[in-house]
Amino acid sequence: MSSGPEPGPGPGMRPGMGTGPPIVPEPGLPFLPGCAIKDPTKTSFHRCQTMDFKNGYAFFRLPREGVGGETLFANQLSQDELDDLCTKGATLTYGQVKRPAPSRFTPAFVAYDKKVLKFDAYFMEEVAISPEENYRIRQVCIYYYLEDDSMCIIEPKVKNSGLVQGKLMRRHRVPKNVHGDYYHWKDLNVGIDLTIYGRTYRLVNCDSFTKVFLESQGIEVNPPEELVSDPYTEQRQMPVQKRITPTSPDPFRQFLAYDTKVLRFYAIWDDTNCAFGDHHPCIIHYFLADDTVEVREVHKRNDGRDPFPVLMRRQRLPKIFVDKNKNFPSCVLEITDHEVQEWFSPKDFAIGKTVTLLGRTFFIYDCDKFTQDFYREKYGITDFQPVDVNKKPLEKVPQVIPPYNGFGIPEDSLQNCLSLFPKPPRKDVIKMLENNLKVLRYQVALESPVPEDKNRRFILSYFLADDTISIYEPPVRNSGITGGKYLRRTKVTKPGSTPENPIYYEASDFTIGSTIEVFGHRFIITDADEYVLNYLERNAQSFPAATVQSIRDHFLPRKMVVETTSSGFPKKELDDLIVEVQKELKLQEPFDTRQFHEAFYHCDTEGSGFLDKTRFLTLCDRFNVPTSTILLKKLIDYCSCDEDKVNYRDFLRAFPSDLFPEAEGQGQQLNSQLT
């Protein structure tokens, strides 16, 4: 037993000197202040260490020394006996019986420190990007730490595996289900499937410590299973059978023998099957030094293509590939000897032969002299006749022009057959400028079996600027026919002309008495303007002599009248005579001069301006002209050309149509009798 607490430092002690020697009570004295004696020889008062580590394990040992290094005598009793003595108390005749001391508590991190359960396992991983394997087997080690019920998974690293290996799962407590439970060592055993974070591990074996521990806890350990290996790894570990190839020339010897020797072939690449495709002339170079092929495209000036020289770079070109697994897509990035069964060689090229290089088809039609000598010496080929690849001219298909439909002029309608976007036919601008505002006018009569159309008169205008024709009908009062524009300005074809080769009327076709057919209607030319005669005489070299003479003969009687009038009767006398006749008419009864005019024009079917003298006198008698016989006879003599003809136009000048407007009704009765 301890002698009690040690006294503190006395009042005369200096601070920092520490405590003095322990005080030991005198034998037989109580442990009270003043009854203890200090031991001045003791300077250390620490307690002995009782907890230590051995071979990595913590353990507890009995103290060997007391406080301050006192010697403790070895106890002859065992630890259990000492525990029993400590718990046994003296039998007392009074008081409560003492309870036994509880057993010594050892924490789990002390009891299971560095005690780990190890299981060998594997899991199957799906491979979706490789044609050679669909899945792989990965072997792992699962560690269970008993001190804190944590787990970790480690995959042994394999050199050059290409996988991320090592610690697959860090050390932590692994959840077992969604209810918040965690995996315990009681859930582990050999031959079971363990699902951790969606991945299933198959436990196939464990180490000896794990087996002993589980059996000590009453768990029956299943027999170990065989660890499944990765099939792809086993395949890679198998020795590769070397391909036995027939003896071939030494590449170095081939390089020395055929260096700078190139076979040249002239070929055509037919690309017409593609959009905007064409025939591309190319040159194929075969390098004998290393059996490589190069294709160059021949460019011409202004061919419209980019002038890049090389179509296919110099490389070995495969001819036949090794059969591959067609169930998996593949992309050729670099071709190796294992993927090609046969490469292109000089025997694959010949004149007249078609070769397919990297998906493009080339037709060889010629080669150079060195290539011919090479094939003649090595393969014994003697026929090197080049193939003609020049484009043959296409047969011109005759264009069928549909028949003219009657709308517009044929030239304008023909443009719809020649182009998708028709353009107006080209005009002769020089002719239009030279003949601008030049018009030839003719008087024509309609040739028709209808009686009402016999007395109809029309004015035909021929425009020299563009050879067009227009027809106008002067309105005749009370004729029952509305006058005006009969034909708009257009070109008129001659009868018998075809739409493919239309022939239009020209100025030389219009002669006095000729018949003009306009769209099925026939007209007879009866008169013409004096401008027509003047124009034909000024340009007589451009017109046939018959046309000019026809117009001259038509105007000859009029010239004779003018000459006769000017020679026999002066023009002034004729004008005075006309004025005298008009004065006398005003003194007589009203006379319908309008109908008088229409009667003369009606009798002149030819429109020449002249009537027979007998016919002329008959008209005058029927209308009963209210004037003196002397003046009337004198006026007729002035207007007579010869004994048979009278110029009724000069005669009618004495009877203007607006002289007696109130006498129109009387003339209508006479006109009906005349008709």
Side-chain angles (χ1 to χ4, degrees), residues 409 435 437-497 502-537 539 542-558 597-612 615 645 647-649 652 675:
I409 61 176
N435 300 310
L437 302 179
K438 293 182 180 180
V439 183
L440 304 181
R441 293 180 176 86
Y442 302 88
Q443 184 181 18
V444 295
L446 180 62
E447 183 180 334
S448 174
V450 181
E452 289 78 4
D453 295 337
K454 291 184 178 180
N455 298 325
R456 297 175 65 181
R457 296 295 180 267
F458 301 87
I459 298 177
L460 186 148
S461 301
Y462 182 85
F463 298 87
L464 295 172
D466 53 358
D467 299 330
T468 56
I469 296 174
S470 69
I471 299 177
Y472 176 80
E473 182 180 10
V476 178
R477 191 171 183 179
N478 297 327
S479 63
I481 299 175
T482 303
K485 184 182 292 186
Y486 186 81
L487 176 68
R488 67 177 178 85
R489 182 175 175 179
T490 182
K491 286 187 175 182
V492 180
T493 58
K494 292 182 179 181
S497 62
I503 302 175
Y504 298 101
Y505 279 107
E506 299 178 353
S508 59
D509 299 324
F510 299 97
T511 59
I512 302 299
S514 62
T515 302
I516 306 298
E517 184 174 344
V518 179
F519 302 115
H521 299 272
R522 299 172 62 86
F523 295 90
I524 300 175
I525 299 178
T526 60
D527 197 0
D529 278 348
E530 293 185 2
Y531 176 78
V532 176
L533 178 62
N534 298 334
Y535 180 80
L536 295 180
E537 289 179 348
N539 303 277
S542 303
F543 296 93
T547 302
V548 180
Q549 188 63 33
S550 173
I551 301 300
R552 285 176 180 173
D553 295 343
H554 178 71
F555 281 92
L556 182 60
R558 299 184 186 181
H597 280 250
E598 292 179 359
F600 279 95
Y601 281 107
H602 181 74
C603 294
D604 186 10
T605 57
E606 297 180 357
S608 60
F610 298 91
L611 290 176
D612 294 339
R615 182 80 174 180
K645 297 289 183 180
N647 188 350
Y648 67 88
R649 293 181 179 178
L652 293 177
T675 305

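- In this structure, Thr515 and Tyr505 approach most closely via the heavy-atom pair O-OH, 4.4 Å.
- More than 12 heavy atoms of other shown residues, nucleotides or ligands fall within 6.0 angstrom of atom NZ in Lys494.
- Of the residues Lys485, Arg456, Arg457, the one that meets the side chain to side chain donor-acceptor pair (under 3.5 Å) test with Glu473 is Arg456.
- Side chains of Asp529 and Tyr442: no donor on one and acceptor on the other come within 3.5 Å.
- Residues Phe510 and Thr547 form no side-chain contact, since every pair of their non-hydrogen atoms from C-beta on lies 4.5 Å or further apart.
- Across Phe555 and Glu530, no two heavy atoms sit closer than the pair CE2-CG, 3.5 Å.
- Scanning all heavy atoms of the two residues, the minimum distance from Asp509 to Ile516 falls at O-CD1, 4.0 Å.
- Smallest separation of non-hydrogen atoms from Ser497 and Ile503: CB-N, 3.4 Å.
- Under a 3.5 Å cut-off, the side chain of Thr468 and the backbone N or O of Phe463 do not form any donor-acceptor pair.
- Closest non-hydrogen pair, Glu517 versus Val492, comes out as O-CG1, 3.8 Å.
- Closest approach of Arg522 and Leu446 over heavy atoms only: O-CD1, 3.4 Å.
- Between Glu506 and Asp467, the closest side-chain pair of non-hydrogen atoms is not below 4.5 Å.
- At distances below 3.5 Å, not a single donor-acceptor pair connects side-chain atoms of Ser508 with backbone N or O atoms of Phe543.
- By the 4.5 Å heavy-atom criterion applied to side chains, Val518 and Tyr486 are not counted as neighbours.
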